[in-house]
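Everything below concerns the one structure shown next.
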Amino acid sequence: MLSALEARGRAAGAAAAERTRVRVAEALRAALPGVAVGIEGEDVVLSGRISADDPRLRWIGSLLR
């Protein structure tokens, strides 16, 4: 019984992590036009050109907290 409960917990955690990745990717797409945003496995990947001193990068960092 404990292993079934553990499996349900792992599945719920994995589903929550995926929902979070999708939410973050959608927010980044909206905030960073011209930057490609994708999900690769457990990572949200940004590609494109953006200046290192762009204030939007601080916003991205705030999503990671």
Sequence neighbours excluded, the answer for side chain to side chain donor-acceptor pair (under 3.5 Å) partners of Asp43 is none
By side chain to side chain donor-acceptor pair (under 3.5 Å), Glu18 pairs with (sequence neighbours left out) Arg21
To the nearest 0.5 angstrom, please state how far the CZ atom of Arg8 sits from the OG atom of Ser3.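 Interatomic distance, Arg8 CZ to Ser3 OG, rounded to 0.5 Å: 12.0 Å.
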From Leu46 CG over to Arg29 CZ, what is the distance, rounded to the nearest 0.5 angstrom? 10.0 Å
Answer yes or no: is there a side-chain heavy-atom contact under 4.5 Å between Val45 and Val37? no
